[in-house]
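Predicted model only: the values in this text are computed from it and were never measured. The first residue of the sequence shown is numbered 1, and numbering continues consecutively from there.
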Amino acid sequence: MNTARLADIAAQAGVSEATVSRVLNGKPGVSAATRQTVLAALDVLGYERPTRLRQRSAGLIGLITPELSNPIFPAFTQVIEQVLTRYGYTPVLCTQTPGGSTEDELVELLVERGVTGIVFISGLHADTTADTERYAKLIGQGVPFVMINGYSPKIAAAFISPDDRAAMQMAVQHLAGLGHQRIGLAVGPARFVPVERKLEGFAEAMQSQLGLTEAAAAALVQHSLFSVEGGQAAAGALLDRGCTAIVCGSDLMAFGAIRAARSRGLSVPGDVSVVGFDDSPLIAFADPPLTTIRQPVEAMGAAAVNVLLEEIGGNPAQRGEFVFQPELVVRGSTAAARTRG
């Protein structure tokens with residue numbers, strides 16, 4: 001490799017050219033962390049790794065995710081893939097698409113390929129109406145797996161979830177503190193566990209913050225699809241009910257809510273405040289930048305891999321749920337409620 005490239009890589013990695021040279025030539029005297037940094041710099045700059053530096057895989061790990069059009073799923077995928085690669089495993093990404101492969105077909109494919117384990121992100125395990133027998137079968141086949149987002153006591157596995165109830169408490173408290181009295185909730189279908197929990201958290205928060213009964217809080221909930229169009233439809237219905245603030249079940253729904261407000265000549269946050277959920281990549285670049293509830297994707301993704309690798313190593317982690325704390329990120333889509341003149 002010529003010296004210009006060595007200098008580029010050294011600058012990118014923040015190490016000396018001599019260190020880069022040692023890594024590329026497979027010489028000793030370099031810590032694993034530094035080696036990783038140099039290889040990452042090589043990848044970022046688009047240089048090919050020398051053949052001798054290509055690692056043998058410790059095994060394949062399947063990653064089953066819903067559509068990639070919602071940026072939260074690629075965010076989870078990226079974190080999980082990075083952690084798996086660090087441990088020497090090769091991630092195999094399988095995406096469900098409407099009319100494409102089902103979760104069961106993807107699992108069958110992965111098992112046939114001899115995967116070492118599987119990570120499920122927001123899969124059928126999150127749907128309270130789905131049959132959980134498919135997971136018992138997987139356990140019977142001796143394939144370790146871990147679930148992200150959507151807990152079921154019927155499945156003997158480890159689950160990684162954000163605290164959806166606490167998330168709604170944070171959102172409602174923030175909006176109530178800004179003087180909003182009629183706060184609506186736009187969420188996906190009620191059969192999903194994260195939605196159930198958001199409904200509970202919302203009802204509790206509306207009661208504790210604004211003194212609303214469960215029935216009064218329920219009247220300010222609108223179910224729709226987890227998409228921009230779904231958010232727009234749900235927000236339209238909530239605006240008709242006089243809501244001055246809307247909490248959404250995803251950032252995509254929040255974009256739809258902003259669109260619904262603007263289509264009526266209302267400004268965000270001047271007339272209507274909107275709160276998203278996820279803090280997906282690119283959300284900060286929205287107009288206005290979106291106030292949202294951040295899922296701790298990095299921590300959740302790393303935990304999912306660690307739990308799975310413990311299982312693969314024959315030291316099963318506890319069955320049940322690991323719950324992670326979300327965080328309210330206040331940006332420009334929420335403001336004080338307008339006082340009625």
Minimum side-chain heavy-atom gap Asp164-Glu196 below 4.5 Å = no

Over all atoms of both residues, closest heavy-atom pair of Ala166 and Gln325 | CB-OE1, 3.9 Å

Does His125 reach the main-chain N or O of Ala130 with its side chain, forming a donor-acceptor pair under 3.5 Å?
-> no

Just jot down the salt bridge (charged side-chain N to carboxylate O under 4.0 Å, His left out) partners of Glu321, sequence neighbours excluded, or say none.
-> Arg197

Would you please test Arg264 and Asp240 for salt bridge (Lys or Arg N to Asp or Glu O under 4.0 Å) and show each step?
-> CA-CA 11 Å; Arg264 296 176 178 219; Asp240 287 343; 2.8 Å; yes

With a 4.0 Å cut-off, would you call Asp279 and Arg331 a salt bridge?
-> yes

Tell me, do Gln209 and Ile183 make a side-chain contact under 4.5 Å, heavy atoms counted?
-> no

For Ala219, does its backbone N or O pair with a side-chain atom of Arg241 as donor and acceptor, under 3.5 Å?
-> yes

Leu6-Leu45 co-clustered via ILVMFWY side chain contacts under 4.5 Å = yes

Identify whether Leu308 and Leu93 are in the same connected component of the hydrophobic contact network (ILVMFWY, side-chain heavy atoms under 4.5 Å).
-> yes

Residue list, side chain to side chain contact (heavy atoms under 4.5 Å, CB included) with Ala186, at least two apart or on another chain = Ala234, Leu238, Ile246, Cys248, Met253

If every non-hydrogen atom of Ala261 is compared with every non-hydrogen atom of Val268, which pair is closest and at what distance?
-> CB-CG2, 3.8 Å

Across all chains, not counting sequence neighbours, the salt bridge (charged side-chain N to carboxylate O under 4.0 Å, His left out) partners of Arg319 are Glu311

Please check if any side-chain donor atom of His180 sits under 3.5 Å from a side-chain acceptor atom of Thr244, or the reverse.
-> yes

Thr116 (side chain) donor-acceptor with Ile61 (main chain) under 3.5 angstrom | no

Return the minimal non-hydrogen interatomic distance between Ser273 and Leu175, and the atom names on each side.
-> CB-CD2, 3.8 Å

In terms of heavy-atom contacts, Thr291 and Gly332 come closest through OG1-N, 4.0 Å

Heavy atoms, side chains only, cut-off 4.5 Å: are Ile312 and Tyr89 in contact?
-> yes

So CD1 of Ile121 and CG of Leu63: to nearest 0.5 Å the spacing works out to 4.5 Å

side-chain hydrogen bond (donor to acceptor under 3.5 Å, both in side chains) with Thr95: which residues, sequence neighbours excluded?
-> none

Could you check if a side-chain atom of Val30 sits within less than 4.5 angstrom of a side-chain atom of Val38, using non-hydrogen atoms only?
-> no

Nearest 0.5 Å, what's the CG-CD distance between Leu252 and Glu229?
-> 9.0 Å

In the single-linkage hydrophobic clustering (I, L, V, M, F, W, Y; side-chain heavy atoms under 4.5 Å), do Val83 and Phe324 co-cluster?
-> yes

Shortest non-hydrogen contact from Phe226 toward Gly249 = CE2-O, 3.7 Å

Got a second to check how far Leu84's CG is from Leu309's CG, nearest 0.5 Å?
-> 6.5 Å

To the nearest 0.5 Å, atom CG of Asp163 lies from atom CD of Gln295 at 11.5 Å

Nearest heavy atoms of Ala302 and Val79, plus distance in Å | N-CG1, 4.1 Å

Is it true that a side-chain atom of Ser333 and a backbone atom of Leu290 form a donor plus acceptor pair closer than 3.5 Å?
-> no

Between Phe255 and Val274, does a side chain to side chain contact (heavy atoms under 4.5 Å, CB included) hold up when you go through it step by step?
-> CA-CA 9 Å; Phe255 281 155; Val274 175; over 6 Å; no

For Val92, what are the other residues in its hydrophobic cluster, where any two members join if their side-chain heavy atoms are less than 4.5 angstrom apart?
-> Leu60, Ile64, Leu106, Val107, Leu110, Val111, Val115, Ile118, Phe120, Leu124, Tyr135, Leu138, Ile139, Val143, Phe145, Met147, Tyr151, Ile155, Phe159

Do Gln207 and Glu214 have side-chain heavy atoms sitting under 4.5 Å apart?
-> no

Joint cluster assignment, Val146 & Ile72, ILVMFWY side-chain distance < 4.5 Å = yes

Under 3.5 Å, which donor-acceptor pairs link side chains of residues 10-23 to any protein atom two or more places apart or in another chain?
{"unit_1": "Ser16", "atom_1": "OG", "unit_2": "Thr19", "atom_2": "N", "d": "3.1"}
{"unit_1": "Ser16", "atom_1": "OG", "unit_2": "Thr19", "atom_2": "OG1", "d": "2.9"}
{"unit_1": "Ser21", "atom_1": "OG", "unit_2": "Asn25", "atom_2": "ND2", "d": "3.3"}

Report the C-alpha separation of Phe76 and Ile148 in whole Å, then their side-chain angles, then the decisive distance to 0.1 Å, and conclude whether the side chain to side chain contact (heavy atoms under 4.5 Å, CB included) test is met.
-> CA-CA 9 Å; Phe76 267 117; Ile148 295 178; 4.1 Å; yes

Tell me, do His223 and Val187 make a side-chain contact under 4.5 Å, heavy atoms counted?
-> yes

Heavy-atom side-chain proximity of Val247 to Lys198 below 4.5 angstrom | no

Enter the distance from Phe277:CZ to Met168:CE here, rounded to the nearest 0.5 Å.
-> 6.0 Å

Linking I/L/V/M/F/W/Y whenever any side-chain heavy atoms sit under 4.5 Å apart, do Val195 and Met170 land together?
-> yes

Verdict with reasoning, Cys243 to Leu220, per side chain to side chain contact (heavy atoms under 4.5 Å, CB included) | CA-CA 8 Å; Cys243 290; Leu220 296 173; 3.9 Å; yes

Rounded distance (nearest 0.5 Å) linking atom CD of Gln232 with atom CZ of Arg259 | 5.0 Å

Report yes if some heavy atom in the side chain of Leu24 is under 4.5 Å from a heavy atom in the side chain of Leu42; otherwise report no.
-> yes

